[in-house]
Amino acid sequence: MKTFLPPLGIQEERKALEEMQGGSLEARNTLIVHNMRLVAHIAKKYQNADEDMEEMISIGTIGLIKAVMTFQPEKGSRLSTYAARCIDNELLMHLRNRRKVSREVSIYEPIGTDKEGNQINFMDIIESDEPDVIERMDKNRRIRDLQKLIPVVLTEREREIIFLRYGLRDDKPVTQKQIAGKLGISRSYVSRIEKRALEKLRSRLEQA
């Protein structure tokens with residue numbers, strides 16, 4: 001593994017961002033090279049995916065460059081936080097393309113209905129055999145992101161229904177009918193609450 005430069009300090013990063021916004025290519029390159037260690041760190045998560053690590057770092061660097069070019073410091077977060085997500089997304093997109101996955105399915109996107117008429121989402125699908133390592137990593141990352149967001153965005157009842165519906169506590173999703181019986185409300189009411197909660201989460205994720 002290559003040796004990378006250490007990350008910039010807060011003040012150094014702020015100065016480089018200001019200079020880059022003023023048109024400095026040198027400042028842009030400084031931000032990139034001082035965040036290459038972050039690329040390598042994230043790429044190592046996929047070392048069990050039978051991918052060449054040098055190639056993964058190259059792909060991750062594309063995500064880093066995109067992050068540097070689109071970062072908005074006025075939102076209050078550090079570049080490294082934003083870049084980590086961009087790098088991870090770039091690597092996942094690359095791995096999906098390599099496996100000829102036709103499209104990304106988010107955990108809240110409807111993909112059909114079951115025999116009871118309940119809406120089926122990605123998280124309702126339970127792998128029967130050993131799941132693909134990349135899909136499992138992606139699923140786990142999405143769950144972690146949602147678990148951080150849910151307490152901020154949803155009401156107590158919405159949280160309860162989403163945690164039950166998608167098995168976010170014990171990895172055992174339950175149907176709307178089962179939730180209705182547990183909470184003593186109608187299945188249609190559960191469906192409305194679930195739909196409202198997913199719309200709130202979708203809206204917040206699109207703003208991120």
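- A heavy-atom distance below 4.5 Å is not found between the side chains of Ile62 and Ile87.
- With hydrogens and angles disregarded, a donor-acceptor distance shorter than 3.5 Å links the side chain of His34 to the backbone of Pro6.
- Separating the CD atom in Glu18 from the CD atom in Gln21 is a distance of 7.5 Å, to the nearest 0.5 Å.
- Here NZ of Lys45 is found 10.0 Å from CE of Met56. Values are rounded to the nearest 0.5 Å.
- Counting only residues at least two apart or in different chains, ring-ring contact (aromatic ring centres under 6.0 Å, His included) contacts with residues 10-29 are absent.
- Ser58 pairs by the side-chain contact (heavy atoms from CB on, under 4.5 Å) definition with nothing, not counting sequence neighbours.
- Under the 4.5 Å side-chain heavy-atom criterion for grouping Ile, Leu, Val, Met, Phe, Trp and Tyr, Met53 is connected to Ile59 within one hydrophobic cluster.
- Residue Tyr189 places its OH atom among 12 or fewer non-hydrogen atoms of other residues, nucleotides or ligands, all under 6.0 Å distant.
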Criterion side chain to side chain contact (heavy atoms under 4.5 Å, CB included) on Arg196 and Ile193, from CA distance to verdict: CA-CA 5 Å; Arg196 182 172 66 242; Ile193 295 174; 3.8 Å; yes
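- Judged by distance alone, the side chain of Ser191 and the main-chain N or O of Arg187 form no donor-acceptor pair under 3.5 Å.
- You'll find the side chain of Leu164 reaches within 4.5 Å of the side chain of Lys182, heavy atoms only.
- Each of Glu160, Gln178, Glu194 was compared with Arg165 under the side-chain hydrogen bond (donor to acceptor under 3.5 Å, both in side chains) criterion, and only Glu194 meets it.
- Looking only at side-chain heavy atoms (C-beta outward), Met20 and Leu25 stay at 4.5 Å or farther from each other.
- In this structure, Glu13 contributes its side chain and Ile10 its backbone to no donor-acceptor pair below 3.5 Å.
- Val174 has its side chain out of reach of Phe163: every pair of non-hydrogen atoms, C-beta onward, lies at least 4.5 Å apart.
- Glu90 places none of its side-chain heavy atoms less than 4.5 Å from the side chain of His94.
- Proximity of Met69 to Arg28: side-chain heavy atoms (C-beta onward) are separated by under 4.5 Å at one or more points.
- A heavy-atom distance below 4.5 Å is found between the side chains of Leu31 and Leu8.
- Counting only heavy atoms from C-beta outward, the side chains of Tyr82 and Thr70 approach each other to under 4.5 Å.
- Here the shortest heavy-atom pairing between Ala83 and Leu64 reads CB-CD1, 4.0 Å.
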